[in-house]
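Computed over heavy atoms, backbone and side chain alike; hydrogens, waters and symmetry mates excluded. Just so it is clear: chains get the letters A, B, ... in the order the sequence lines come, proteins before strands, and each one is counted from 1.
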2 protein chains.
Amino acid sequence: MPLSSELQNLVVHFGEMGSRWGFNRTVGQVLALIVFNESPLCADDIADALKISRGNVSMSIKELASWQLIRTHREMGDRKDYYLANGTIWQLGQQVLAERKKREVDPTMSLLRNQMMSSSNSELSEHAQKQIKEIHDLLELFTHWFDDVQSMKPEHLQALMKLGSGVGRILEIAGKFSRK
Amino acid sequence: MPLSSELQNLVVHFGEMGSRWGFNRTVGQVLALIVFNESPLCADDIADALKISRGNVSMSIKELASWQLIRTHREMGDRKDYYLANGTIWQLGQQVLAERKKREVDPTMSLLRNQMMSSSNSELSEHAQKQIKEIHDLLELFTHWFDDVQSMKPEHLQALMKLGSGVGRILEIAGKFSRK
DNA sequence: CTGAAGTTTCAGTAATTTCTGAAAGTTAAG
DNA sequence: CTTAACTTTCAGAAATTACTGAAACTTCAG
């Protein structure tokens, strides 16, 4: 059966955003379909709803699984795999960020670290060396901060974010506690 | 003249990462070239160093300008445009994040807001409505937090991030100040 | 073991994105 | 105004990425 036009809108939008979020159109659409359906969907439901090939569904599912955004559910007495969102929206968001950091930040961090340690680094201009160090330090700072934040309980993180512009004022207070 | 092999490495890497960071390979390479060169480069320098067409340089420059990552410098008595990084590494980083938020978060926020206000929203399942609200609220929280953080002075933001895992402890103290 | 019900793989094709280079546009000196 | 120096645009070509569908594979009931 076809999607309701309201759901259709969402699915199309997630498809368009897909490539900006690090996957492709179809993967984005499959994700939307799964997230907005409470009951798990099987591969044929998905192929059917999105009018795509069975093979493409398999690829997209594999991709979403590699991002840990979906998980498989099996009914007894039924050989089909059924797919469903792997957690709350908050958890899915965390998962996307973690995966993107891994793909977008980590490789550069590691290249820059190697570059700085390499003896041939001195062949670069002073300016280039300085820029490398600054990018490296920025990414490292981000990485540590990100790891800390990932390990916080969602409600604490949420509360912290809600402080909003208060965060500036708190900084001064915090200073007293962070000094060794 | 060709690039030193060390600089070459960096340029190639920024090219590979380019598409993950929201632009394309060439744009990434041009950015690297400009960031690691202290002296401004003209379009021909770039075409030459990267072995790409003049037209492609023009497109890439335009793209980087739209991200506000580079700016133009003109020598008197010379009609050429020379390009240069538009600020410190920290500023470039902020700029990239701001632009990506605009492209990756804002459109979805706005779609979801409209969806929730639309009278036809009730045609969706309870579950879908709940998920929409959760995504919307998460993005809104993120947006407010992001705006606050963007407005902080770099050194304050840096200090805050450095607190690292201390951020959890501070939360309790902060609680006392955020209550009305 | 057999075969039905399902999933995955992958070679070829389709769609999309990026790049080139020539033509059109712009700017300013003379 | 004319021309040289430079930049931008854009149609078509090239490169890349995504999709299909048929074949191979897996799993399990009988």
Separation of D:dT17 atom P from A:N56 atom CG, nearest Å, is 16 Å

Is there a donor on the side chain of A:R79 or the base of C:dA4 sitting less than 3.5 Å from an acceptor on the other? yes

Query - side-chain contact (heavy atoms from CB on, under 4.5 Å) evaluation trace for B:V57 with B:L50 - result: CA-CA 9 Å; B:V57 172; B:L50 301 180; over 6 Å; no

Between A:R54 and B:Y82, whichever has its closest DNA chain D nucleotide further toward 5' is B:Y82

Problem set entry | N or O in side chain of A:K62 less than 4.0 angstrom from C:dT9 OP1/OP2 | yes

Atom CG of A:D78 and atom P of C:dG6 are separated, to the nearest Å, by 7 Å

B:M76 CE to C:dA29 P, in whole Å, measures 13 Å

State whether the number of non-hydrogen atoms from other residues, nucleotides or ligands found under 6.0 Å of B:K101 atom NZ is greater than 12.
yes

Notebook entry, point to check: Do side-chain atoms of B:R74 reach the backbone of B:R79 as a donor and acceptor pair under 3.5 angstrom?
Noted result: yes

A:I46 CD1 to C:dG6 C1', in whole Å, measures 14 Å

Among D:dG21, D:dT9, C:dG6, the one nearest any side-chain atom of B:S58 is D:dT9

Between NZ of B:K80 and P of C:dT27 the distance, given in whole Å, is 18 Å

According to a 4.5 Å side-chain heavy-atom criterion applied to Ile, Leu, Val, Met, Phe, Trp and Tyr, with indirect links allowed, do B:L138 and B:M109 form part of one hydrophobic cluster? yes

Would you say the side chain of A:N37 lies within less than 4.5 Å of the side chain of A:D45, judging by non-hydrogen atoms? no

When rounded to whole Å, the CD1 to P distance for the pair A:I52 and C:dT8 reads 14 Å

- Message: Under 4.0 Å from OP1 or OP2 of C:dT18: is there any side-chain N or O of B:R25 that close?
- Response: no

According to a strict under-4.0 Å criterion, is B:T26 in side-chain N/O contact with OP1 or OP2 of C:dC19? yes

OP1 or OP2 of D:dA15 under 4.0 Å from side-chain N/O of B:N24 = no

When rounded to whole Å, the NZ to C1' distance for the pair A:K51 and D:dT20 reads 16 Å

Note: for A:S19 and A:G55 on DNA chain C, the residue whose nearest nucleotide lies more 5' is A:G55

Whichever of B:V27 and A:I61 has the more 5' nearest nucleotide on DNA chain C, that residue is A:I61

Here the distance between atom P of D:dT20 and atom CG of A:L50, to the nearest Å, is 10 Å

With heavy atoms under 4.0 Å as the rule, sort A:D44 into base, sugar-phosphate or nothing. nothing

